[in-house]
Each structure stands twice: as structure tokens, then as C-alpha cells.
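This report refers to the structure that appears directly beneath it.
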Amino acid sequence: MASTSKHPKGLLFLAFTEFWERFGYYLMIGIFFLYMTTDYEKGGFGWENAKASDVFGTFIACAYLTPFVGGLLADMKFGYRFSITLGGILMGIGYCMLSIREEWAFYTSLAIMIIGNGFFKPNISTLLGNLYNDPQYKANKDTGYNLFYMSINIGAFLCNFIAAFMRIKYGWNWAFIAAGMGMFLGVITFWIGMKHYKHVDVRKEPTPEDKPIIMRFLKVLGVAVGFGVLGWFIPDTIFGSDSTDAFLCACIPVIYFYYTTYKSCTIEERKPMGTMFTIFGIVIIFWAIFKLNGTALTTYANSYTDREMPTALIKPAKFLNQIDNSVAAKNDSVYQVDEHFRKIKDANGKPIKCVDYPTYFKNLAPEKYPEPGKELNLIPTELFQSINPFFVVALTPLVVMFFGFLRRRKKEPTTATKIAWGLFISALSTLVMVMAVHYTDNGIHKASAMWLVSCYGVITVGELFLSPMGLSMVSKLSPARLTALMMGGWSLATAIGNKLSGVLAKNWDKFDDKANFFLVNFVLLLIATGIMFLLLKRLNKVFKVMI
């Protein structure tokens with residue numbers, strides 16, 4: 001596989017595989033919260049925001065928890081290519097099953113996707129890292145992961161346009177089927193490029209030293225299930241819901257498993273692994289805030305942001321201002337608008353019943369109301385989910401050039417330093433939303449879409465300093481025999497952060513002043529940043545020794 005290129009040929013095929021996988025995943029996730037909260041008559045489940053946030057947080061958490069299982073099974077038994085193929089097929093099936101609007105099918109599809117992601121997620125990153133272990137490519141590993149990360153976000157950017165088109169023109173079910181088709185295309189792409197990474201899919205036969213790890217792994221699965229059941233049935237929930245209690249309790253034996261794995265390693269292996277685990281713990285806060293894009297920020301886009309446009313992008317939303325005739329007759333059709341989250345009222349202040357009165361119009365300026373029965377052209381809410389991946393694609397080359405510039409002058413910061421700055425920059429993004437809330441008088445007026453664009457722009461810079469660097473860090477610091485398992489550890493940290501994101505989102509309605517909601521997020525990220533910078537000197541020593 002000798003080449004004069006700075007990057008292995010397998011990068012292209014793995015990047016396109018991940019493009020299609022993320023296309024399917026983010027197509028589904030972009031409409032997932034809307035699907036759960038949309039009225040049943042309009043094709044959704046009609047759940048309250050709190051329940052939908054809990055389900056959303058639990059799903060994205062579990063989807064990132066199972067990679068620790070899939071990573072170890074790939075390391076010890078199945079190999080990376082088989083695991084990636086199996087995971088991709090399962091996820092495709094799961095996306096398609098969401099097209100069946102029955103609760104049994106809904107929860108079954110989530111379970112299938114969670115298992116599939118466990119096999120797919122850690123192993124494609126590990127396979128990529130193995131390609132860069134060749135001395136010819138090793139110096140460009142961070143750049144390789146940045147390019148890989150960019151391909152992920154091209155898929156995440158494009159998918160929401162397909163999601164909006166399919167949902168509005170054909171319905172929710174066809175949107176979910178489109179996600180499944182994207183995943184199947186990803187599997188086909190992976191097969192086409194098989195020859196370029198076959199040589200690095202080397203499964204290590206378990207040695208006597210590995211057997212204790214395998215036995216602990218089998219035990220921890222049973223214990224985790226038991227802890228999860230115990231957490232579910234704890235009286236008077238500790239963390240706000242049974243699912244949250246169950247998830248966090250199930251994580252306890254998994255975390256203990258990683259601790260015992262650390263203790264079983266050699267002294268030389270412990271320092272880099274300890275560094276990884278420290279960073280894993282800190283970035284949990286980042287993921288808790290970052291994943292609010294699917295819940296709290298989607299709510300902000302849907303109800304608080306001015307989405308009007310001159311012409312229909314796909315299909316205009318309809319405003320049917322049909323006042324109940326019996327009420328109108330009694331009150332002579334006189335109505336007024338209150339000052340906060342406006343609702344149509346009669347002259348005595350009594351709400352007038354309207355048919356199909358969307359939440360979008362509750363805080364819309366009266367002069368912007370369309371005439372009864374007329375249409376208002378709105379940007380589909382899910383398209384706001386494309387802002388973040390757009391910035392990833394646009395800014396990744398700039399970030400790569402920036403670090404390349406520093407590298408040539410031998411001033412490139414270590415991976416740990418990049419992550420620390422990523423946390424700080426992400427904290428600044430929450431202040432953008434604090435200003436947005438103040439500028440719009442806490443939701444009395446519609447916010448310009450530029451507030452969300454700015455928020456996503458800032459947090460994307462933080463993400464590019466942190467997320468691809470985390471993958472690169474695991475590849476650099478992990479013992480070779482446990483690389484996929486450590487990738488699963490990175491996913492475990494992401495899983496806990498994702499679940500905590502759902503916990504944060506459930507509290508959205510409890511904050512009368514939404515600025516305080518975002519201030520809480522700012523404080524959490526600032527604390528994580530402070531801890532990271534305090535530990536930076538010690539962490540950097542490990543990186544300088546290992547690289």
C-alpha cells in the first residue's frame with residue numbers, strides 16, 4: 001500500500017461511508033423531536049416537550065453507550081469490517097421501521113439503531129486510525145480526522161433538506177425511509193473500498209492477559225442490566241425520570257469496568273490511559289450542551305425565531321384563523337392581542353377558540369398575521385439543523401490550515417490544549433443565546449434567525465477544536481490491543497453527556513426567563529474549561545512523551 005500521498009487511499013472510502021451513515025442518522029435526528037411533539041392528527045405522536053426530551057436524550061445516550069460493547073467485540077472477536085457492516089445494516093433497518101407509526105415499532109426501531117450504532121461507531125474510527133499508524137501517514141493523523149469529520153458534516157448538512165422535502169411533500173414515514181436508504185448506501189460504499197483497509201483489519205487473538213478483560217466484560221453486561229433495572233424502579237426518581245435513573249445507574253458498572261481495565265494494564269500504559277479518562281470526564285459537559293441543538297435549540301427555532309421568507313422554500317405553512325362561530329357571535333368578533341406570547345382574545349380578555357393555531361404564531365407581531373385562511377411562507381424548522389454541519393464543512397479547511405501554519409513554526413498546541421480552547425469557545429456560544437433572549441424581551445418578539453446562525457457558528461469552532469481531536473487522542477494514546485475499546489470509552493463519555501443534555505432540555509419550560517437557561521449552560525462549560533486548563537500542564541507532558 002505504498003503511496004506518495006499524505007493520506008491513505010482508504011480515507012476516501014471511509015469518509016464517504018461515514019458521509020452516508022451521518023446522512024441517515026442526522027436526517028432521522030433532525031425530525032425526531034418534531035415527530036414526537038407534532039400533533040397526532042398531523043402525523044406525529046403529540047407528546048409533551050418534557051417526555052420527548054427524555055426520550056430524545058435517552059436514545060442519543062444509548063446510541064453512544066453501546067459502542068463500548070461493539071468496540072470490545074470487534075477487538076476480540078468479530079473484527080472491524082464485519083462489525084461496521086453489521087452495524088450499518090441494523091441502523092438502516094431501524095430508520096425504516098420508524099415509518100410505522102406504532103409505539104411498539106417506534107421503540108423497537110430505537111433499540112435496533114442503538115445496537116447497530118454500537119457496532120458501527122467505534123470501529124470505523126478505529127479502522128481509520130489504523131490506516132494512519134503507518135509511519136508515512138502518522139504525522140497527518142489529526143488532519144486526517146479533521147477531513148473525516150468534515151465528510152460527516154457534509155452528510156449532516158444535506159440530509160435536512162431531504163428530510164424537509166420528504167416530510168412536507170410525502171409525510172414522516174417517507175422521510176424515515178430516506179434515512180434508511182442513506183445508511184444502506186453507506187454500507188455499499190464501505191464494501192467497494194474494502195481492499196484499501198483490509199490489511200489493517202487485524203483482529204488480535206485473545207492472550208492469557210486479555211482473558212481477565214473478557215471475563216470482566218461479560219460480567220459487567222449482566223451487572224449493568226441489573227443496575228439499570230434497579231435504577232428504573234427507584235421510588236421518587238433521583239434525576240427527574242425513570243429512564244435517566246436507569247441509564248446513569250447502568251453506567252456505573254461500565255465505568256467500573258474501564259477502571260479495572262486501567263488497573264490491569266502495565267505501568268507504561270496507565271499514564272496515557274489516565275490522561276484519556278481525565279479528558280473523557282471533562283468533555284461530558286461539552287456534549288451535554290452541544291446536543292441541545294436537537295431539543296432546546298430546535299424549540300427556539302420552531303417557536304421563537306422568525307422563519308418567514310418571501311417565497312416558499314418547499315411548501316408554505318398554513319395559518320387557518322377560523323374563529324369559532326358561537327364564540328364570535330357572543331363577542332361580536334372583537335379580539336385583541338396580549339403582550340406576551342400573544343393569543344387571540346375577545347374584548348373581555350377571554351381566549352377565542354381557533355382551529356389549527358400553530359405555536360409559531362403565538363409571539364408573532366400582529367401586523368405579520370396573514371389574513372384568515374391565507375398562507376405564510378416559513379423555513380422548515382429542521383433546516384436549522386444544517387447550520388452546524390455547514391459551518392463544519394466551511395470552517396474545517398480554515399482550522400486545518402491554521403494548525404498547519406502553527407505546525408510549520410513548531411507552535412502547534414497539543415491535542416489536550418486544543419480541547420481546552422474548544423471548551424472555552426463553546427461556552428461563548430451560550431452567551432450569544434443569552435443576548436438573543438434579552439434582545440427579544442424574553443420571547444415577546446420573534447428573534448432574527450441570525451442569532452441561531454451566530455450561536456451555531458461559535459460552537460462549531462469549539463467543536464472543531466474538540467471533537468475530531470478527541471478521536472485522534474484515543475488513537476494516539478490507546479494501547480494497540482484496546483484501541484476500539486477506548487474508542488468506546490470516548491463514546492461512553494459522549495453518551496453520558498447526551499443523556500444529561502436530555503435532562504437539561506426537560507427543564508426548558510421551568511425557566512420563565514430563557515436567558516437563565518442559557519446562563520446555566522455557560523456556567524457549566526466555564527467550569528469544565530477551568531478544570532481542563534488547571535490540568536493542562538500535566539496532560540501535555542503525557543502527549544509530548546507519547547507522540
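What you see is a predicted model; the values in this text were computed from it and never measured. For the single chain, residues carry numbers from 1 onward in sequence order. Every heavy atom of this structure was used, including side-chain atoms; hydrogens, water molecules and symmetry mates were not.
The closest side-chain donor-acceptor pair between Lys446 and Thr305, if any, does not fall under 3.5 angstrom.
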Atom pairs and distances, donor-acceptor, side-chain atoms in residues 428-440, under 3.5 Å, two or more places apart:
from   : atom 1 : to     : atom 2 : distance (Å)
Ser429 : OG     : Ser426 : O      : 2.5
Thr430 : OG1    : Ala427 : O      : 2.6
Thr440 : OG1    : Ala436 : O      : 2.9
Thr440 : OG1    : Val437 : O      : 3.3

Would you tabulate the side-chain donor-acceptor contacts of residues 453-466 under 3.5 Å, counting partners in other chains and residues two or more places apart, or write 'none'?
from   : atom 1 : to     : atom 2 : distance (Å)
Ser454 : OG     : Met450 : O      : 2.8
Thr460 : OG1    : Asn388 : ND2    : 2.8
Thr460 : OG1    : Tyr456 : O      : 2.5
Glu463 : OE1    : Asn388 : ND2    : 3.0
Glu463 : OE2    : Tyr149 : OH     : 2.3

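Ring pair Phe161/Phe157 is perpendicular by interplanar angle, where above 60° counts as perpendicular and below 30° as parallel. The aromatic rings of Phe106 and Tyr35 sit tilted relative to each other, their planes meeting at an angle between 30° and 60°. In this structure, Trp421 and Phe424 have perpendicular ring planes: the angle between them is above 60°, well past the 30° mark. The aromatic rings of Phe23 and Trp20 stand perpendicular to each other, their planes meeting at an angle above 60°, with 30° marking the opposite boundary.
Under the side chain to side chain donor-acceptor pair (under 3.5 Å) criterion, Asn507 pairs with Lys510, sequence neighbours left out. For Lys506, there are no salt bridge (charged side-chain N to carboxylate O under 4.0 Å, His left out) partners two or more places apart in sequence or in a different chain. Considering only residues two or more places apart in sequence or on other chains, Glu382 meets the side chain to side chain donor-acceptor pair (under 3.5 Å) condition with Arg167. Judged as a side-chain contact (heavy atoms from CB on, under 4.5 Å), and not counting sequence neighbours, the contacts of Phe277 are Tyr258, Tyr262, Met273, Phe280, Met486.
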If you apply the rule salt bridge (charged side-chain N to carboxylate O under 4.0 Å, His left out), what do you find for Glu412 with Lys418, and how did you get there? CA-CA 9 Å; Glu412 182 181 15; Lys418 294 174 185 177; 2.8 Å; yes
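Atom CZ of Phe403 sits in a crowded spot, with more than 12 heavy atoms from other residues, nucleotides or ligands closer than 6.0 Å.
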